[in-house]
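Just follow the structure's listing: the first ligand is 1, and inside any ligand the first atom is 1. Given the structure is predicted, the values throughout are model-derived calculations rather than measurements.
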Amino acid sequence: MVAETRVHPAQLVLPVFVQDGISSPVAISSMPGVERHSIDSLPSLMATATAAGIGGVMLFGVPREDDKDATGSHALRPDGILNRALSVARREAGDRLVVMADTCLDEYTDHGHCGVLDAAGRVDNDATVGLYVEQAIVQATAGADVVSPSGMMDGQVAAIRNGLDGAGFTDVAILAYAVKYASAFYGPFREAVASSLQGDRRSYQQDPANRREGALEARLDEAQGADLVMVKPAGYYLDVLADVAAQSSVPVAAYQVSGEYAMIAAAAQRGWLDGPEALAESVTAIARAGADVILTYAALELAGRWQA
Ligand code: PBG
């Protein structure tokens, strides 16, 4: 009766990996219970997600290795893996689920960075933003309700908003990865998407030591027209999440990332933790800190637990 926080299934978003060139789902060894889906297995997953009553899905594309190149051009092809997956998901979702697209190039570049590189090998912010705008328009055309720039380039939200509006997609929303730390907890994700990254993303993601900078990044994205702002990772950044929730005029999302999930799942496999309890506790804590929307690989299981 007096619980201050209750998580509703509609607040949960399931991240989904869709891989090109496979016919049935493939397990991801570092994320027990999570699979890469094929285009063919996506409709049944969408049906499961709809029945679970979750709020939406966030789709990531995993291209064939030989489709990667220096500029991530596969991401801009209407017949690219993510864009095909978005149209299948949109068709299956009806009015019941929000279909979100990861708007970033890292899955498609042969160097694994989130953008294109300049002559000195550094990520070129402005050239990358131009590609994100094109990518967002292709994703909206494919059926994305929400595009989700996750590459942490400066100015990406305003540019995408202008681009979408100019192309007639005034009602496609932007979920901005506003606050995104350069985190070791993305490790399993990089296996999940077969990332080619060598090195790190510290020149464009944030320093885990910085709290005020998180609130600043969220304000900048809100001013640029973000419809939701996200904090990522979630569980180790509850202070930042609470700051952002306190100042934000738009809904706040938080992403319980692959490493946060994998730690619990791995310990549960060994019998060292009660997996369902630990997952429920961790997601409740993220909601308690102020998240309106939570992306978690455990969305389906937790929706079952919290169904009204
Ligand atoms: C970038 C992106 C990443 C994640 C989501 N979008 C990886 C990164 O920044 O290296 C990580 C998600 C997770 O770890 O679950 N497209």
Side-chain angles (χ1 to χ4, degrees), residues 12-19 28-36 57-63 68 72 74-76 80-82 85-86 100-109 111-116 123 128-129 131-132 135-136 139 144 146-153 156 160 174-208 217 228-237 253-266 279 282-283 286 293-299:
L12 301 176
V13 172
L14 179 70
V16 177
F17 303 106
V18 186
Q19 183 169 6
I28 301 166
S29 60
S30 57
M31 300 177 72
V34 181
E35 310 178 297
R36 296 184 198 156
V57 289
M58 169 71 77
L59 299 189
F60 295 92
V62 185
K68 295 183 181 182
H74 187 80
L76 305 186
I81 179 61
L82 178 55
L86 286 168
M100 308 184 187
D102 182 56
T103 308
C104 194
L105 297 174
D106 64 313
E107 293 94 342
Y108 313 97
T109 53
H111 45 72
H113 276 293
C114 292
V116 289
V123 174
T128 300
V129 169
L131 294 174
Y132 288 172
Q135 184 181 20
Q139 293 176 336
V146 178
V147 297
S148 315
S150 64
M152 291 300 279
M153 298 301 132
Q156 61 186 10
I160 289 172
I174 301 177
L175 186 168
Y177 283 66
V179 187
K180 182 170 178 183
Y181 287 93
S183 174
F185 292 96
Y186 308 148
F189 175 95
R190 296 190 185 156
E191 183 206 325
V193 300
S195 168
S196 310
L197 183 68
Q198 309 282 328
D200 61 57
R201 306 198 197 286
R202 285 185 210 160
S203 70
Y204 45 105
Q205 297 182 348
Q206 292 172 242
D207 182 343
E217 289 281 350
L228 300 95
V229 290
M230 184 147 75
V231 175
K232 173 181 176 196
Y236 288 99
Y237 296 87
Y255 196 145
Q256 182 179 52
V257 300
S258 56
E260 296 177 79
Y261 172 85
M263 287 191 299
I264 294 175
L279 283 166
S282 64
V283 169
I286 293 164
V293 173
I294 300 166
L295 281 75
T296 170
Y297 297 97

Can you list the ligand 1 atoms lying under 4.0 Å from a non-hydrogen atom of Y255?
12 (C), 15 (O)
S196 side chain to H111 backbone, donor-acceptor under 3.5 Å:
no
Ranked by distance from atom 12 (C) of ligand 1, the top protein heavy atom is F189 CD1, 3.2 Å
Starting from atom 8 (C) of ligand 1, what is the nearest protein heavy atom, named by residue and atom, and what distance separates them?
R201 NE, 3.4 Å
Would you find a donor on one side and an acceptor on the other, under 3.5 Å apart, between the side chain of Y261 and the backbone of P32?
yes
Among non-hydrogen protein atoms, atom 14 (O) of ligand 1 lies closest to S258 OG, 2.7 Å
Proximity to ligand 1 by part of D102, non-hydrogen separation under 4.0 Å
side chain
So which of E191, Q205, E260, K180 gets nearest to atom 1 (C) of ligand 1, if we judge by its closest heavy atom?
K180
C104 and ligand 1 - part of the residue with a heavy-atom distance under 4.0 Å:
side chain
Classify the contact between Y261 and ligand 1 as side chain, backbone, both or neither, using a heavy-atom distance cut-off of under 4.0 Å.
neither
Main-chain N/O of A192 paired with R36 side-chain donor or acceptor, under 3.5 Å:
yes
For R190, is the nearest heavy atom under 4.0 Å from an atom of ligand 1?
yes
Contact summary for A182 and Q205, nearest pair of heavy atoms
CA-OE1, 3.3 Å
of all protein heavy atoms, closest to atom 16 (N) of ligand 1 is D106 OD1, 2.7 Å
Tell me if the centroids of the rings in Y236 and Y181 come within less than 6.0 Å of each other.
no
I'd like to know if the side chain of K180 and the backbone of S150 have a donor-acceptor N/O pair within less than 3.5 Å.
yes
Side chain, backbone, both or neither: the part of V257 lying under 4.0 Å from ligand 1 by heavy atom
both
Looking only at protein heavy atoms, which one is nearest to atom 5 (C) of ligand 1, and how far off is it?
K232 NZ, 2.6 Å
Could you tell me whether the side chain of Y204 and the main chain of C114 form a donor-acceptor pair under 3.5 Å?
yes
Mutual orientation of the aromatic rings belonging to Y255 and F60 [parallel < 30°, tilted 30-60°, perpendicular > 60°]:
tilted
